[in-house]
Protein chains: 6
Amino acid sequence: MKISARNALKGKVVDIAKGQIVAKVKVDVGGQFVTSLVSVEAIDDLDLKVGDEVSAIIKSTEVMLAK
Amino acid sequence: MKISARNALKGKVVDIAKGQIVAKVKVDVGGQFVTSLVSVEAIDDLDLKVGDEVSAIIKSTEVMLAK
Amino acid sequence: MKISARNALKGKVVDIAKGQIVAKVKVDVGGQFVTSLVSVEAIDDLDLKVGDEVSAIIKSTEVMLAK
Amino acid sequence: MKISARNALKGKVVDIAKGQIVAKVKVDVGGQFVTSLVSVEAIDDLDLKVGDEVSAIIKSTEVMLAK
Amino acid sequence: MKISARNALKGKVVDIAKGQIVAKVKVDVGGQFVTSLVSVEAIDDLDLKVGDEVSAIIKSTEVMLAK
Amino acid sequence: MKISARNALKGKVVDIAKGQIVAKVKVDVGGQFVTSLVSVEAIDDLDLKVGDEVSAIIKSTEVMLAK
């Protein structure tokens, strides 16, 4: 399966904090950090754990630029 | 000014392709690449050019994870 | 690869309209239609054509409800 | 009122799970399922209940394609 | 029809610029301006013209805060 | 720092409700209200309090129009 999203940053999960519905996941992508808010359901469905190798997927329409 | 968006990946602009309304910008963030679709108006307003140091800003609700 | 996005609607591409940077794709998902705006680069990268079987992937934070 | 969002999938609410701020709603859209994360405030404002006929509204810029 | 999106800013269209696929619309919302990128298809479907009274609809997950 | 996001509505924070991971913030922008869902982490990082002057930042691709 190939996805249209242009951004797939490879990294490692360094922290997972679960609320009731939403979880916050921190991913180390080559020394910089990416924070993701996903559903707890997704965390459970992917069996996501600290240390897992993941890709942070981001649609290019969601990326702003600051200069 | 400090922004609530959790993600600010530092990088360098490597390519800008302008359409009529939307432009596509490629940013090298430490060896990985981020693609951004923003308005041509934003490119002009920031006077964005290849070689510029920028941050790719992404709200954490927009980041998916793949494993 | 498994993705955290909760929504993957299976369907068939029925129309592709390309601009310079952005393309519009119509997908028939079981009798209802989904419209997607993605980069032309993504269309080319996936070699997307009318008639292709695809999944429309949508992060659940992007889904509103109207009643 | 007519909205610019290109996607309005008609369906029926099959599950609602409320957290403190965010709720997760599952909608059956013709045999496939759509998951939505909205504020609990929105759930209360729409008086949304299991069994309600709703439309899942999605801006086309938020739809990715996987092949 | 009532929508879950928490934000509906009332205003008047002051400019429309059409590309091939995407259009940019400027809306005056009480002295401040909102810019929207929507599909040209949506502009045509709503028969949107300068001077029209509209609401700018924004899902609350899409709103960042800067201080 | 200048950001590509086209929308920055100036206002004042009138309410903050915190969940475990996500917080809801209401901002008065010239008599109309904007609701934002951000991470509790962002609230803490910005030391955001009721009464603060803030800008509600919204990427133009996230703004729909209703007529």
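None of the values given here were measured: they were computed from a predicted structure.
- Heavy atoms of C/Lys24 lying under 4.5 Å from chain D are absent altogether.
- The heavy-atom pair separating C/Ala66 from D/Ile57 by the smallest distance is CB-CG1, 3.9 Å.
- Options C/Val22, C/Thr35, C/Val54 differ in how many heavy-atom pairs under 4.5 Å they form with chain D, and the most are formed by C/Thr35.
- Residues D/Leu9 and C/Val34 have side chains in contact (heavy-atom distance under 4.5 Å, counting atoms from C-beta outward).
- Note: D/Leu37 CG to C/Thr61 OG1 = 6.5 Å, rounded to the nearest 0.5 Å.
- Looking at D/Lys67 and C/Asp47, their side chains come closer than 4.5 Å, going by heavy atoms from C-beta outward.
- With a threshold of 4.5 angstrom between heavy atoms, C/Leu48 approaches chain D through its backbone and through its side chain.
- Heavy atoms closer than 4.5 Å to chain D are found in the backbone of C/Ala8, but not in its side chain.
- Residue contact with chain D, scored on non-hydrogen atoms closer than 4.5 Å, involves the side chain of C/Val25 exclusively.
- D/Val38 and C/Val63 get closest at one heavy-atom pair: CG1-O, 3.7 Å.
- Under the side-chain contact (heavy atoms from CB on, under 4.5 Å) test applied with C/Glu62, the options D/Met64, D/Glu62, D/Lys59 reduce to a single match, D/Glu62.
- Across every non-hydrogen atom of D/Leu65 and C/Ala56, the tightest pair is CD2-CA, 4.3 Å.
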